[in-house]
Amino acid sequence: MNLVLPHPRTWPIWDVVFPPLCAVCGEALEQPAILFCARCWTNAPVADLRDLHKLYHIDRTACGYRFAAMDVVKASVHALKYEGVKPLAAIMAQKLVSRLPIRFVQADLTWVEVPLHWRRHLTRGFNQSRLLACELARATGHDMPVSLLRRSRHTPTQTARNFRDRSANVKGAFELRRGVPIPKAVLLIDDVITTGATVNECARTLKDAGVEWVGALSFALAHQS
């Protein structure tokens with residue numbers, strides 16, 4: 001089991017021993033920046049929804065940035081998810097705020113994070129999608145996300161799979177948690193949408209349970225070559 005430990009860059013002594021430099025361009029960082037400088041964030045490529053496969057169970061989708069080259073977008077996602085740099089979630093949420101459709105912050109919409117299987121959660125120590133959703137709620141004043149779904153089946157990695165294969169991989173992998181009221185409208189929040197198969201399957205599960213409207217929001221959208 002490969003546990004994700006806090007990245008040493010988040011240790012207080014780090015900046016005493018090493019000068020704080022941007023992990024992408026190498027320029028000096030100004031407080032309160034974490035890992036990446038303001039210029040790299042300014043140059044972050046925005047998402048293009050034309051890259052996204054048609055998602056039949058999703059009523060509306062919004063994504064902040066394009067996940068492709070090893071720039072600040074991909075580097076921040078990897079640092080949060082695989083290196084445990086949790087403070088990045090607040091910065092990523094702040095960057096995403098300006099790209100939120102009005103519908104996504106309305107009070108009648110229940111925010112729901114895309115769940116991890118318990119085995120992956122145990123290994124990683126946290127769900128990066130819930131962390132992002134909570135920081136986004138703090139930034140906007142929206143109600144905190146509700147853990148409405150659980151991942152009932154541990155699926156193989158989705159890497160290098162196309163939409164059809166990913167859809168088959170996650171089919172039936174989600175179910176509703178017991179005892180949680182079913183809302184009329186839900187916004188699914190994830191860190192990255194690749195083909196959209198995972199959020200589409202989450203939405204199918206929600207609509208089968210009686211949810212009338214499902215949107216999907218992610219910090220990044222993978223470019224489909």
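We use all heavy atoms of the structure for the numbers below, so side chains are in, but hydrogens, waters and symmetry mates are not.
- Across C134 and M144, no two heavy atoms sit closer than the pair O-CE, 3.7 Å.
- Note on L116 and F126: separate hydrophobic clusters, where clusters join Ile, Leu, Val, Met, Phe, Trp and Tyr whose side-chain heavy atoms are under 4.5 Å apart, directly or indirectly.
- Pairs of residues two or more places apart, or lying in two chains, that qualify as salt bridge (Lys or Arg N to Asp or Glu O under 4.0 Å) and include a residue from residues 100-110 are R103-D108.
- The SG atom of C63 sits 6.0 Å away from atom CG of L52, with the distance rounded to the nearest 0.5 Å.
- Rounding to the nearest 0.5 Å places SG of C37 at 11.0 Å from CG of L35.
- Listed by first and then second residue, the side-chain hydrogen bond (donor to acceptor under 3.5 Å, both in side chains) pairs involving residues 64-78 are R66-H223 (not counting sequence neighbours).
- Ion pairing between E175 and R150 holds under the 4.0 Å rule for side-chain N and carboxylate O.
- Side chains of L187 and T110 form no contact here, defined as non-hydrogen atoms less than 4.5 Å apart.
- Side-chain contact between R119 and T123 is absent, with no heavy atoms from C-beta onward closer than 4.5 Å.
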Cut-off 3.5 Å, no hydrogens considered: what does the side-chain donor-acceptor table look like for residues 201-210, sequence neighbours left out?
residue : atom : partner : partner atom : Å
E201    : OE1  : R204    : NE           : 3.2
E201    : OE2  : G172    : N            : 2.9
E201    : OE2  : R204    : NE           : 3.2
E201    : OE2  : R204    : NH2          : 2.7
R204    : NH1  : D208    : OD2          : 2.7
T205    : OG1  : E201    : O            : 3.0
K207    : NZ   : H57     : O            : 3.2
K207    : NZ   : D59     : OD1          : 3.3
K207    : NZ   : D59     : OD2          : 2.8

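- Of all the heavy atoms in V199 and I58, the pair that sits closest is O-CD1, 3.7 Å.
- A single hydrophobic cluster is seen to contain both L49 and L188, as judged by linkage of ILVMFWY side chains at heavy-atom distances under 4.5 Å, directly or through other members.
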W213/L109 under side chain to side chain contact (heavy atoms under 4.5 Å, CB included): CA gap, chis, key distance, verdict: CA-CA 9 Å; W213 188 96; L109 197 58; 3.6 Å; yes

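- With contacts defined as side-chain heavy-atom distances shorter than 4.5 Å, the pair L136/L100 qualifies.
- Applying the side chain to side chain contact (heavy atoms under 4.5 Å, CB included) rule to V180 yields the partners V146, L148, R177; only residues at least two apart in sequence or on another chain are considered.
- A donor-acceptor contact closer than 3.5 angstrom links the side chains of S129 and D190.
- T140 meets the side chain to side chain donor-acceptor pair (under 3.5 Å) test with no other residue; sequence neighbours excluded.
- Residues V170 and R151 have side chains in contact (heavy-atom distance under 4.5 Å, counting atoms from C-beta outward).
- The nearest pair of heavy atoms linking P181 to G179 is CD-O, 3.7 Å.
- Residues V46 and R99 meet the side-chain proximity criterion, which asks for heavy atoms closer than 4.5 Å.
- Remark: of the listed residues T194, I193, V192, V192 is the sole one forming a side-chain contact (heavy atoms from CB on, under 4.5 Å) with F67.
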Test side chain to side chain contact (heavy atoms under 4.5 Å, CB included) applied to F104 and R60, step by step: CA-CA 9 Å; F104 285 8; R60 185 171 182 182; 4.1 Å; yes

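- Partners of A139 according to the side chain to side chain contact (heavy atoms under 4.5 Å, CB included) rule, which considers only residues two or more places apart in sequence or in another chain, are Q94, V97.
- Taking 4.5 Å as the limit, every side-chain heavy atom of D191 sits out of range of all side-chain heavy atoms of L131.
- Listed here is the closest heavy atom pair of N127 and V114: ND2-O, 3.0 Å.
- In this structure, R153 contributes its side chain and K171 its backbone to a donor-acceptor pair below 3.5 Å.
- Across all non-hydrogen atoms, the minimal contact from I189 to A133 is CD1-CB, 3.8 Å.
- Side-chain atoms of V211 and I182, non-hydrogen and from C-beta on, do get closer than 4.5 Å to each other.
- Distance check, rounded to the nearest 0.5 Å: OG1 of T195 to CG of L221 gives 10.0 Å.
- Between I34 and P87 the shortest heavy-atom distance is CD1-CB, 3.4 Å.
- In this structure, the side chains of L80 and M92 come closer than 4.5 Å at one or more pairs of heavy atoms.
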Candidate pair F219 and V73, rule side chain to side chain contact (heavy atoms under 4.5 Å, CB included), full reasoning: CA-CA 9 Å; F219 171 74; V73 178; 4.0 Å; yes

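- In this structure, the side chain of N200 does not engage the main chain of G196 through any donor-acceptor pair within 3.5 Å.
- Distance check, rounded to the nearest 0.5 Å: OH of Y56 to OG of S167 gives 10.5 Å.
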